[in-house]
Amino acid sequence: MPTPPSSGPAPTGAGVAPQLERCPADTDVAKLAEVMQRDGGIILEGLVSPADAARIDADLAPAVAQRTPGFIGEYDDAFYGANTVRVQGVPSRSRTFVDAILLHPTLLALADAMLLPYCGDYWMSQAETIFIGPGEPEQELHRDDVNWSFAARLGIDLQMSVLTALGDYDAEVGATMVIPATHRDGFDAPFDAAAAQPAELGVGDALVYLGSLVHGGGHNRTADRVRKGLYCSYLLGWLTPEEAPALSLRPEVAATLPLRARELLGWSSMRGNPRTAVGAEAALHVWQLDRDDLARFGGSFTNR
Ligand SMILES: O=C(O)CCC(=O)C(=O)O
């Protein structure tokens, strides 16, 4: 079970709601994990270089330009944003995303610490642009674990998300609103929306948070600036990802990726938890193909 918080996040002053702690991205992972356990989120400064952030932004620009903001259903537009551009299929569109974010050693070590107690392995749930356009109102505050509400009530960590700034990410343009330390209150616990604070980021900084932390996209109060966030999440391997990364990953791209990236993108089978599995669970092999481990097909599914 998760460790209860030893103390809350540091207040910024008398009467001021607490803010998430900021740490350089090369901080010792044990310390980062401790902060994540305590506050439910953390800001990693300089997770990717401004040059890599610009490269990822440029890689995604053609798809972003083609995508109409908003969705179809009324609820979807209200929640996901009528003037917000969300493009998925990111690993096939940006190799820099794969190398600089998906496989970032600090993120993987943190995901190991937060998620491996509850699964044999985790995988990518989703990677998408969340480019919040001018005038977009604040998104409803929520816990991302709502996607897996039955599992969320087990009180274990299901998901770790990363929002990396590819461009403007200040409070005025819609920085993510976060309520620190709401991750241990329980999935159905009420929260005080007035306690939400903007998690402002510089280009290349990232907000990393658990699926149990209350948060939401901020209000873009500007007339002409876009809040450029790139979302990526790691999910327990026995839960269904939000995106279908195994399908959006093109085979010719998969063939060029390291094994760990293919595993995270659904091109590998899932095993039982090696720390606890015995008997049938030790033999477990789900998400398989012809009774074989998907990973053995390497970068191509030869039996298609
Ligand atoms: O864009 C953000 O800052 C957060 C978005 C989010 O939480 C969501 O769409 O579920």
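Whatever order the structure lists them in is the order used to number ligands and atoms, beginning at 1.
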Next on the checklist: Let me confirm one number: the CZ-CD distance from F79 to Q139, rounded to the nearest 0.5 Å.
Outcome noted: 4.0 Å

Item to check | Donor on one side chain, acceptor on other, D144 and H142, under 3.5 Å | outcome: yes

Checklist entry - Between E136 and T84, is there a donor-acceptor pair closer than 3.5 Å when you use the side chain of the first and the backbone of the second? => result yes

Checklist entry - Under 3.5 Å, is there a donor-acceptor pair linking the side chains of T164 and Y169? => result no

Checklist outcome for this item: ligand 1 atoms nearer than 4.0 angstrom to some heavy atom of R86 are 9 (O)

Next on the checklist: Nearest non-hydrogen contact with atom 3 (O) of ligand 1 belongs to which option: T176, V214, L207, L213?
Outcome noted: T176

Next on the checklist: For atom 2 (C) of ligand 1, which of the options Q139, H215, R227 provides the nearest non-hydrogen atom?
Outcome noted: R227

Checklist entry - Parallel, tilted or perpendicular: which describes the rings of Y80 and F71, with under 30° parallel and over 60° perpendicular? => result tilted

Checklist outcome for this item: A student checking ligand 1 against D144 at a 4.0 Å heavy-atom cut-off should list atoms 10 (O)

Checklist entry - Among protein heavy atoms, which sits nearest to atom 4 (C) of ligand 1, and what does the distance come to when rounded to 0.1 Å? => result G217 N, 3.6 Å

Checklist entry - Numbering the atoms of ligand 1 from 1, which are under 4.0 Å from a heavy atom of H142? => result 6 (C), 7 (O), 8 (C), 10 (O)

Next on the checklist: If the test is salt bridge (Lys or Arg N to Asp or Glu O under 4.0 Å), which one of E243, E242, E128 qualifies with R86?
Outcome noted: E128

Checklist entry - Can you tell me if Y169 has a non-hydrogen atom under 4.0 Å from ligand 1? => result yes

